[in-house]
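Just so we're on the same page: letters track the sequence lines, and every chain starts at 1. Only this structure's heavy atoms are used, side chains among them; waters, hydrogens and symmetry mates stay out.
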Amino acid sequence: MDNTTSPLYIYNSLSGKKEAFKPLNPPFVGLYTCGPTVYSDVHLGNVRTFLTFDVVFRYLSYLGYKVRYVRNITDVGHLLGDAAEGEDRIEKRAKLEKLEPMEIVQKYTNGFHDTIAAFNLIPPSIEPTATGHIVEQIEMVQRILDNGYAYIVNGSVYFDVKKYAEQHKYGELSGRKIEEQLEQTRENLEGGDEKRFFADFAIWKKASPETIMKWNSPWGEGVPGWHLECSVMSTKYLGKEFDIHGGGMDLKFPHHECEIAQSVGADGVNPVKYWMHGNMLTVNGTKMSKSLDNSFLPHELISGSHPLLDKGYSAMTTRFFFLQANYRSTVDFSNEALLAAEKGYKRLMAAIKTLDNIRASDSSSVDVNKLIGDCRNSMNDDFNTPVTIAHLFDGVKMINSVADGKNTLNQPDLDRLRTHYQDFVFDILGLKDEDDAGESNVTLLDDVMHIVLDLRNQSKQNKDWATADFIRDELKKLHISIKDSKESSTWEYED
RNA sequence: GGUUCCGUGGCCGAGCGGCUAGGCAGUGGUCUGCAAAACCAUCUACAGCGGUUCGAAUCCGCUCGGAACCUCCA
């Protein structure tokens, strides 16, 4: 790597500033992201968050770090509300679909995997489940109890936020002050709540007799609290203190705040060095969320069956669309924006194909190293993918002008440029050329098209325009478009 | 109500004190048997009002509008 490149900076939600990234144990990096609760289909807002951290994972790997990426599956313990009668989301869904809770878990875990694979996300290094770590969760509850930061009521264990806040900074991540909140939520304290203090949260919840998924514990049969599993699984696989924790903005409070409190309460260690939060996907300016019933499911987007869409957009178009915005900004869904992204994405892919066919010259009239440096610098600036894409389009212009004979590239620069596009477009941004995707007979088609184009060029040389146009028009009906240049003709499949 | 964030050209979306962001759409050329693509050139901006500064989309204040969180959410 050249030394003109800046170091990596990450926007840390904890400090509200971009900070130079310094791993705790280089070259190793621990990255944890809150995964889905598998009680229903993931929607595109969920996909966006996982995509954000997919790019983080990819880029850190590109920089040479040995990244252990942990993303959990919440398959128990995510209760609807924190009240005594709180019901597990998965059990509720199981009743609705008349299935075993673990059938629900399997069904939606499979769906989740299929979906993120379609968007070309790399699977994490470890994908632990909450049900697989009940023992560790019980142990952590015990440590918190032993340290005096929790209390037992009727077989449930609650985290004692008031006591914790006397000795530690509760609210440091979300910028919340307990005293301020107390006044607003006084009415919430009414009723037969088991909690001593409104901000307390369950770390172990007593299970009702009819609950199917429950485990024995020192406090009786129950389930672990939702916040607990992430504390347990992140530190189990990444250490009591690890580098990066990611998740959606909406998890910042209370979920992530509680994670910090639990780790500090149990082990006295602030677990995370860099907190990263991805912003929300919105529809008509409002957050996409399951409870608001404004979700786009991936298949509704791809098929175009969603009522707000004019047509379908591919997974890669969507990926590109998301990456054209900063992960810390909201993104709003609209036909026009998606259509623009689709065209831009295709133009980028077309240029990469062009790059394959460029012939080297003796010298270069364009600055390839600057382009490479620009891309690295923008990614180093808190994974700024929109600016990186802008630089890649500068490169598109460069590639096309070389192909057009207006500029030149020597062999070393050409090789560098090809490597650069491979690295940034495919490996880091994680895009792929959908024309080729999943086609086993692509090379055959390519060879056949080569013959067809040869025939057509012969017709053109003989000024047999009728034949030339016939070939082009008939191919057009098969969604294959021909592009003529001075030297040769190329083809492209359009859906 | 509290906390935080945002308002950029026809649309999307960067920038965060002086230097063309970029994509899509539009306009005018070049190329071409025609078409498409490509190339070159080019038009639309920083919500409003004040302030700081030699200089502000960028910093500060106010006003208007929108969003997220405040124990369901990626």
Side-chain angles (χ1 to χ4, degrees), chain A residues 16 33-37 42-53 78-83 86 89 161 171 174-177 180-181 183-185 188 195 198-202 226-227 246-255 257-258 277-282 285-292 295 320-321 324-326 328-332 334-345 347-348 350-351 354 378 384-394 396-397 399-401 403-407 460 463-465 468-469 472-473 476 481-486 489-490 492:
Chain A
T33 303
C34 294
T37 303
V42 287
H43 64 234
L44 286 164
N46 305 107
V47 171
R48 185 184 177 207
T49 298
F50 299 128
L51 167 63
T52 294
F53 295 101
H78 199 156
L79 304 181
L80 288 155
D82 212 15
R89 291 172 174 283
V161 171
S174 54
R176 250 160 255 272
K177 292 186 182 64
E180 284 173 2
Q181 288 194 265
E183 290 152 30
Q184 274 97 48
T185 18
N188 294 353
K195 293 190 278 187
F198 79 98
D200 293 350
F201 54 92
W226 173 43
H227 310 306
M249 204 81 101
D250 49 357
L251 295 185
K252 201 172 183 182
F253 187 89
H255 185 59
E257 200 71 71
C258 293
H277 289 96
N279 215 324
M280 300 293 104
L281 177 63
T282 62
T286 306
K287 175 184 174 182
M288 180 180 290
S289 101
K290 288 174 184 172
S291 49
L292 286 175
S295 294
F320 182 80
F321 169 70
Q324 271 191 306
N326 191 289
R328 287 192 285 124
S329 306
T330 55
V331 167
D332 198 61
S334 73
N335 272 297
E336 271 181 305
L338 245 13
L339 197 60
E342 181 176 64
K343 290 192 176 170
Y345 160 69
R347 186 156 166 246
L348 179 62
T354 304
S378 54
N384 196 332
T385 54
V387 170
T388 304
I389 289 173
H391 292 315
L392 288 170
F393 273 106
D394 290 339
V396 166
K397 215 163 223 188
I399 291 164
N400 285 332
S401 71
D404 222 41
K406 294 203 165 68
N407 277 304
K460 282 170 70 183
K463 297 206 190 297
D464 179 6
W465 310 125
D469 289 353
R472 188 175 60 195
D473 293 345
K476 189 82 194 169
S481 63
I482 304 295
K483 294 168 186 175
D484 293 337
S485 72
K486 259 183 199 165
S489 301
T490 56
E492 196 170 273

Inset, instruction - Please report the closest heavy-atom contact between A:Gly285 and A:Asp332, naming both atoms and the distance. - result: N-OD1, 2.8 Å

Legend entry - pi-stack flag for A:Trp465 and B:G33, centroid dist under 5.5 Å, interplanar under 30°: yes

Legend entry - Separation of the P atoms in B:C59 and B:G17, to the nearest angstrom: 8 Å

Inset, instruction - Answer yes or no: is there a donor N or O on one side and an acceptor on the other, between the side chain of A:Glu257 and the main chain of A:Ser174, under 3.5 Å? - result: yes

Inset, instruction - Give a yes or no answer on whether the side chain of A:Asp484 reaches the backbone of A:Ser489 with a donor-acceptor pair at less than 3.5 Å. - result: no

Inset, instruction - Could you please name the option among B:G23, B:C69, B:G13 that lies closest to any side-chain atom of A:Ala340? - result: B:G23

Inset, instruction - For A:Leu338, answer base if it contacts any base atom (sugar-phosphate contacts may also be present), sugar-phosphate if it contacts only those atoms, and nothing otherwise; contact means non-hydrogen atoms under 4.0 Å. - result: nothing

Inset, instruction - Among B:A74, B:A38, B:A14, find the nucleotide with the atom closest to the side chain of A:Asn326. - result: B:A14

Legend entry - Under 4.0 angstrom between A:Arg347 side-chain N/O and B:C24 OP1 or OP2: yes

Inset, instruction - Could you work out the separation of B:A14 and B:C24 based on their C1' atoms and round it to a whole Å? - result: 15 Å

Inset, instruction - Under 4.0 Å between any heavy atoms, over every strand shown, what does A:Ser378 touch: base, sugar-phosphate, or nothing? Just pick one. - result: nothing

Inset, instruction - Name the residue closer to the 5' end of RNA chain B, choosing between A:Pro254 and A:Phe393 according to the nucleotide with the nearest heavy atom. - result: A:Phe393

Inset, instruction - Indicate, with a heavy-atom threshold strictly under 4.0 Å, whether A:Leu339 touches base, sugar-phosphate, or nothing. - result: nothing

Inset, instruction - Please determine, for the side chain of A:Asn384, which listed nucleotide (B:A14, B:A38, B:A74) has the closest atom? - result: B:A14

Inset, instruction - Show your reasoning for whether side-chain contact (heavy atoms from CB on, under 4.5 Å) applies to A:His391 and A:Val387. - result: CA-CA 6 Å; A:His391 292 315; A:Val387 170; 3.5 Å; yes

Legend entry - CA sep, side-chain torsions, deciding dist, call: A:His43, A:Leu281, side-chain contact (heavy atoms from CB on, under 4.5 Å): CA-CA 10 Å; A:His43 64 234; A:Leu281 177 63; 5.9 Å; no

Inset, instruction - Counting heavy atoms from C-beta on, name the nucleotide in B:A68, B:G23, B:U71 closest to the side chain of A:Phe253. - result: B:U71

Inset, instruction - Report yes if at least one side-chain N or O of A:Asn400 is closer than 4.0 Å to OP1 or OP2 of B:C40; otherwise report no. - result: no

Inset, instruction - Return the value, rounded to whole Å, for the distance between atom NZ of A:Lys483 and atom C1' of B:C34. - result: 17 Å

Inset, instruction - Would you indicate, yes or no, if B:C34 has its OP1 or OP2 atom less than 4.0 angstrom from a side-chain nitrogen or oxygen of A:Arg472? - result: no

Inset, instruction - State whether A:Lys343 places a side-chain N or O below 4.0 Å from either non-bridging phosphate oxygen (OP1 or OP2) of B:A25. - result: yes

Inset, instruction - Give the rounded distance in Å between these two atoms: NE2 of A:His255 and C1' of B:C70. - result: 17 Å

Inset, instruction - For the pair A:Asn326 (side chain) and A:Arg328 (backbone), establish whether a donor and an acceptor sit closer than 3.5 Å, ignoring hydrogens and angles. - result: yes

Inset, instruction - Can you tell me, in whole Å, how much space there is between the C1' of B:G7 and that of B:A57? - result: 11 Å

Inset, instruction - Could you tell me which non-hydrogen atom of A:Phe393 sits nearest to which non-hydrogen atom of A:Gly344, and how far apart they are? - result: CZ-O, 3.3 Å

Legend entry - A:Ser334 side-chain N/O to B:C12 phosphate OP1/OP2 under 4.0 Å: no

Legend entry - Candidate nucleotides B:A36, B:C12, B:A21, ranked by approach to the side chain of A:Ala337 - the nearest: B:C12

Inset, instruction - For the side chain of A:Lys460, starting at C-beta, report the closest nucleotide among B:U71, B:C11, B:G33. - result: B:G33

Inset, instruction - Using modelled atom types only, decide if a donor and an acceptor are shared between the side chain of A:Thr282 and the backbone of A:Val331 within a distance under 3.5 Å. - result: yes

Legend entry - Phosphate OP1/OP2 of B:A38: any A:Lys397 side-chain N/O under 4.0 Å: no

Inset, instruction - Under 4.0 Å between any heavy atoms, over every strand shown, what does A:Thr52 touch: base, sugar-phosphate, or nothing? Just pick one. - result: nothing

Legend entry - Euclidean distance, atom CG of residue A:Asn279 to atom C1' of B:A67 [Å, nearest integer]: 9 Å

Legend entry - Integer angstrom distance from the P of B:U52 to that of B:G61: 15 Å

Legend entry - Whether A:Arg48 side chain and A:Gly248 backbone form a donor-acceptor pair below 3.5 Å: no

Legend entry - Between C1' of B:C34 and NZ of A:Lys463, the distance in whole Å: 12 Å

Inset, instruction - With the side chain of A:Asp469 defined as its heavy atoms from C-beta on, choose the nearest nucleotide among B:A68, B:U71, B:G33. - result: B:G33

Legend entry - Upstream residue (5' side of RNA chain B) when A:Ala468 and A:Ala390 are each assigned their closest nucleotide: A:Ala390

Inset, instruction - Determine the interplanar angle of the A:His255 and A:His227 rings, folded into 0 to 90°, and report it as parallel if under 30°, tilted if 30 to 60°, perpendicular if over 60°. - result: tilted

Legend entry - Interatomic distance at C1', B:A37 relative to B:C31, whole Å: 11 Å

Inset, instruction - Calculate the interatomic distance between A:Gln324 atom CD and B:C11 atom P; express it in whole Å. - result: 16 Å

Inset, instruction - Give one of base, sugar-phosphate or nothing for A:His43, where a contact means two heavy atoms less than 4.0 Å apart. - result: base

Legend entry - A:Arg176 side chain near B:G2 phosphate (N/O to OP1/OP2, under 4.0 Å): no

Inset, instruction - Report yes or no: does A:Asn384 contribute a side-chain atom to a donor-acceptor pair with the main-chain N or O of A:Ser378 at less than 3.5 Å? - result: no

Legend entry - Spacing of the C1' atoms in B:U44 and B:A25 (rounded, Å): 12 Å

Inset, instruction - Determine the contact category for A:Gly278: base if any of its heavy atoms lies under 4.0 Å from a base atom, sugar-phosphate if only primed atoms, P, OP1 or OP2 are that close, otherwise nothing. - result: nothing

Inset, instruction - Taking atom C1' in both B:C46 and B:G15, compute the distance separating them and give it to the nearest angstrom. - result: 11 Å

Inset, instruction - Could you check whether A:Ser481 gets within reach of a base, just the sugar-phosphate, or nothing at all, counting any heavy atom under 4.0 Å? - result: nothing

Legend entry - Dot-bracket notation for RNA chain B, counting Watson-Crick and G-U pairs under 3.5 Å, with | for partners on another strand: (((((((..(((.....[...))).(((((.......)))))....(((((..]....))))))))))))....

Inset, instruction - Using the P atoms only, state how far B:G10 lies from B:U71, rounded to an integer number of Å. - result: 41 Å

Inset, instruction - Send over the distance from A:His277 NE2 to B:A68 P, rounded to a whole Å. - result: 17 Å

Legend entry - Nearest-Å distance for atom pair CG/P, residues A:Asp404 and B:A41: 13 Å

Legend entry - Protein-nucleotide distance (A:Arg328, atom CZ; B:U4, atom C1'), rounded to Å: 13 Å

